[in-house]
Protein chains: 2
Amino acid sequence: MNISDAATQTGLPAKTIRYYEDIRLVTPTRNTNGYRVFGETELHKLTFLARARALGFSIEDCRTLLALYEDQSRASADVKRIARTHLDEIEAKIADLIAMRDTLSHLVQACAGDDRPDCPILKGIEATSVRKD
Amino acid sequence: MNISDAATQTGLPAKTIRYYEDIRLVTPTRNTNGYRVFGETELHKLTFLARARALGFSIEDCRTLLALYEDQSRASADVKRIARTHLDEIEAKIADLIAMRDTLSHLVQACAGDDRPDCPILKGIEATSVRKD
DNA sequence: TCTTGACCTTCCAGTCACTGGAACCTCTAT
DNA sequence: ATAGAGGTTCCAGTGACTGGAAGGTCAAGA
């Protein structure tokens with residue numbers, strides 16, 4: 001299977017797959033013509049990577065998770081610790097964004113949005129800081 | 001006022017302030033010794049930037065907002081449009097993160113997290129895609 | 001006066017995870 | 001034979017800083 005088929009199968013851009021080989025996340029073999037060949041194993045790994053990335057795991061987390069995925073004698077505690085940490089980071093980001101949204105949506109609502117210069121949004125940026133509970 | 005005082009006043013790292021000068025967001029004057037001098041105007045601008053950045057506006061949005069902030073004959077509609085667009089992006093990010101969180105927290109809950117290899121998280125990454133409502 | 005240490009300066013490189021583009025090679029169909 | 005769709009490598013750029021090296025400047029104390 002060539003790279004563009006692998007891209008279609010996994011939903012990853014071909015560029016990204018090449019990048020993943022570059023940083024040694026996958027190791028496709030090569031044809032006599034130099035083209036990458038993706039077998040079932042590499043395709044599985046790419047799919048795993050695509051989904052782990054969609055869950056927001058960093059590349060380095062993905063590398064570790066992939067190693068655990070392939071290690072039949074892993075401890076699930078190792079996986080859970082990584083996932084738990086990542087989950088906490090996601091929660092923190094959500095909280096940050098909600099604080100931003102709340103501040104900003106108040107300001108947007110207060111702004112007439114006409115051709116006059118008076119603007120509660122600019123005043124708000126001048127005066128307010130983002131509240132984190 | 002020297003850069004470290006400006007940093008303290010605004011809460012921005014000195015490095016960041018230098019960077020903001022580099023990309024022409026602020027234009028402090030210079031002392032005879034070459035040190036940057038921050039007057040009231042530049043300090044105001046830095047404070048405005050720090051707060052706009054805390055609300056998640058991009059640097060380019062900040063540049064535009066700053067120009068509007070300084071323009072006494074602005075139309076508040078211009079400000080509102082930028083803020084509204086940004087607000088939509090924040091909402092989208094929140095939705096993405098909540099989808100990730102929901103998927104991931106289910107997987108974490110299902111995982112025993114002991115020394116056995118059986119792991120619903122890895123299985124979940126293998127099988128599940130992130131649901132966006 | 002000299003020295004110490006805390007400032008300040010510039011410039012270069014690195015971060016993260018790709019992405020775009022140039023220049024070139026290979027395969028398939030007409 | 002040629003056109004077009006694939007493939008390859010390599011280099012540079014993204015956003016918004018951040019770290020670090022190498023060196024200039026200043027105020028206080030011995």
Side-chain angles (χ1 to χ4, degrees), chain A residues 1-39 42 45-46 48-66 85-86 89-90 93 96-97 100 130, chain B residues 1-38 42 45-46 48-66 82 85-86 89-90 93 96-97 100 130:
Chain A
M1 182 181 280
N2 282 349
I3 197 165
S4 67
D5 294 320
T8 308
Q9 290 278 321
T10 60
L12 292 169
K15 274 261 177 194
T16 300
I17 296 176
R18 286 193 198 99
Y19 172 69
Y20 285 174
E21 188 194 18
D22 225 48
I23 61 172
R24 269 169 288 274
L25 280 178
V26 288
T27 46
T29 50
R30 296 292 178 127
N31 236 329
T32 42
N33 59 13
Y35 286 19
R36 290 170 183 80
V37 181
F38 294 85
E42 296 309 307
K45 289 213 256 175
L46 284 174
F48 184 91
L49 286 167
R51 288 178 178 157
R53 291 288 300 133
L55 286 171
F57 286 102
S58 72
I59 287 287
E60 284 318 301
D61 275 354
C62 287
R63 192 188 298 282
T64 310
L65 289 173
L66 200 53
T85 301
H86 178 47
E89 287 164 7
I90 291 177
K93 260 185 211 158
D96 280 1
L97 286 171
M100 284 182 199
V130 178
Chain B
M1 181 181 281
N2 282 350
I3 197 167
S4 66
D5 294 320
T8 307
Q9 290 279 319
T10 60
L12 293 169
K15 275 263 179 190
T16 300
I17 297 175
R18 285 193 198 99
Y19 172 68
Y20 285 173
E21 187 193 18
D22 225 48
I23 62 173
R24 268 171 289 273
L25 280 178
V26 287
T27 47
T29 51
R30 297 292 178 128
N31 236 330
T32 42
N33 59 13
Y35 287 18
R36 288 169 184 81
V37 181
F38 295 86
E42 296 308 308
K45 288 212 255 175
L46 285 174
F48 184 92
L49 286 168
R51 287 178 178 158
R53 291 288 299 134
L55 286 170
F57 286 103
S58 72
I59 288 286
E60 283 319 301
D61 275 355
C62 285
R63 193 188 297 282
T64 310
L65 288 173
L66 199 54
I82 294 168
T85 302
H86 178 47
E89 288 163 7
I90 290 176
K93 260 185 211 158
D96 281 1
L97 286 171
M100 285 182 200
V130 179

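Note that the coordinates shown come from a computational prediction; the quantities given were computed from them, not determined experimentally.
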Asker: Tell me every residue that passes side-chain hydrogen bond (donor to acceptor under 3.5 Å, both in side chains) with B/Arg30, counting only those two or more places apart in sequence or in another chain.
Answerer: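 Result, side-chain hydrogen bond (donor to acceptor under 3.5 Å, both in side chains) vs B/Arg30: B/Glu21.
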Asker: Report the distance from atom NZ of A/Lys15 to atom P of D/dG13, rounded to the nearest whole Å.
Answerer: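 It works out to 14 Å between those atoms.
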Asker: Distance check needed: C/dT19 C1' versus A/Ile17 CD1, whole Å only.
Answerer: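 Atom CD1 in A/Ile17 sits about 14 Å away from atom C1' in C/dT19.
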Asker: Side chains of B/Leu49 and B/Val26, heavy atoms from C-beta outward: is any pair under 4.5 Å?
Answerer: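 Counting from C-beta outward, B/Leu49 and B/Val26 do come under 4.5 Å.
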Asker: Within the structure, does a side-chain N or O atom of A/Tyr20 lie under 4.0 Å from either OP1 or OP2 of C/dC18?
Answerer: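 For A/Tyr20, the contact criterion (side-chain N or O under 4.0 Å from OP1 or OP2 of C/dC18) is met.
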Asker: Strictly distance-based, threshold 3.5 Å: is any side-chain N or O of B/His86 a donor or acceptor partner for the main-chain N or O of B/Asp61?
Answerer: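 Not at all, since once roles are kept as given, no pair shorter than 3.5 Å links the two residues.
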Asker: Starting from C1' on C/dC18, measure out to CD on A/Glu60 and report it in whole angstrom.
Answerer: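 In whole Å, C/dC18 C1' lies 14 Å from A/Glu60 CD.
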Asker: Could you identify which residues of residues 27-37 of chain B place a heavy atom less than 4.0 Å from some atom of DNA chain C, listed by residue number, or say none?
Answerer: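 Only B/Arg30, B/Gly34, B/Tyr35, B/Arg36 qualify.
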Asker: Backbone N or O of A/Asn33 within a donor-acceptor pair of the A/Asn31 side chain at under 3.5 Å?
Answerer: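 No: the side chain of A/Asn31 does not pair with the backbone of A/Asn33.
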Asker: Output, in order, the C-alpha distance, side-chain angles, deciding distance and verdict of side chain to side chain contact (heavy atoms under 4.5 Å, CB included) for A/Leu25 and A/Tyr19.
Answerer: CA-CA 9 Å; A/Leu25 280 178; A/Tyr19 172 69; over 6 Å; no
Asker: What nucleotide, of C/dT9, D/dC17, C/dG21, holds the atom closest to the side chain of B/Arg18?
Answerer: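 Minimum distance to the B/Arg18 side chain belongs to C/dT9.
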Asker: Give the angle between the helix axes at the two ends of the helix from C/dT1-D/dA30 to C/dT30-D/dA1, taking five base pairs at each end and rounding to 10°.
Answerer: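 Taking five pairs per end, the axes differ by 30°.
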Asker: So, is B/Ser58 near the phosphate of D/dG15, with a side-chain N or O under 4.0 Å from OP1 or OP2?
Answerer: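 Result: no.
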Asker: Can you see which heavy atom on B/Ile3 is nearest to which on B/Ala14, and at what distance?
Answerer: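 So the minimum-distance heavy-atom pair works out to CD1-O, 3.6 Å.
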Asker: How long is the line joining OH of A/Tyr19 and C1' of C/dC18, in whole Å?
Answerer: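 Distance, rounded to whole Å: 6 Å.
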Asker: Checking contacts here: which listed nucleotide (D/dG7, C/dC8, D/dC17) is nearest the side-chain heavy atoms of A/Ser4?
Answerer: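 Nearest to the side-chain atoms of A/Ser4, counting from C-beta on, is D/dG7.
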Asker: Give the rounded distance in Å between these two atoms: CG of A/Leu12 and P of C/dA17.
Answerer: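 These atoms are roughly 14 Å apart.
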Asker: Is there side-chain contact between B/Arg36 and B/Arg18, with at least one heavy-atom pair below 4.5 Å?
Answerer: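 In short, these two side chains touch, coming nearer than 4.5 Å.
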Asker: What is the separation between atom CE on B/Met1 and atom P on C/dC7, rounded to the nearest whole Å?
Answerer: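 Atom-to-atom, B/Met1 to C/dC7, this comes out as 15 Å.
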Asker: Would you check if A/Glu42 and A/Thr29 make a side-chain contact, meaning some heavy-atom pair closer than 4.5 Å?
Answerer: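 The answer is no; the side chains never approach within 4.5 Å.
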Asker: Roughly how many Å is it from CD1 in B/Ile3 to P in D/dG24, rounded to a whole number?
Answerer: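 Rounding to the nearest Å, CD1 of B/Ile3 and P of D/dG24 are 20 Å apart.
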Asker: List the steps and the verdict of side chain to side chain contact (heavy atoms under 4.5 Å, CB included) for B/Asp5 and B/Phe38.
Answerer: CA-CA 9 Å; B/Asp5 294 320; B/Phe38 295 86; over 6 Å; no
Asker: Expressed as a whole number of angstroms, how long is the span from A/Asp22:CG to D/dT8:P?
Answerer: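 Atom CG in A/Asp22 sits about 12 Å away from atom P in D/dT8.
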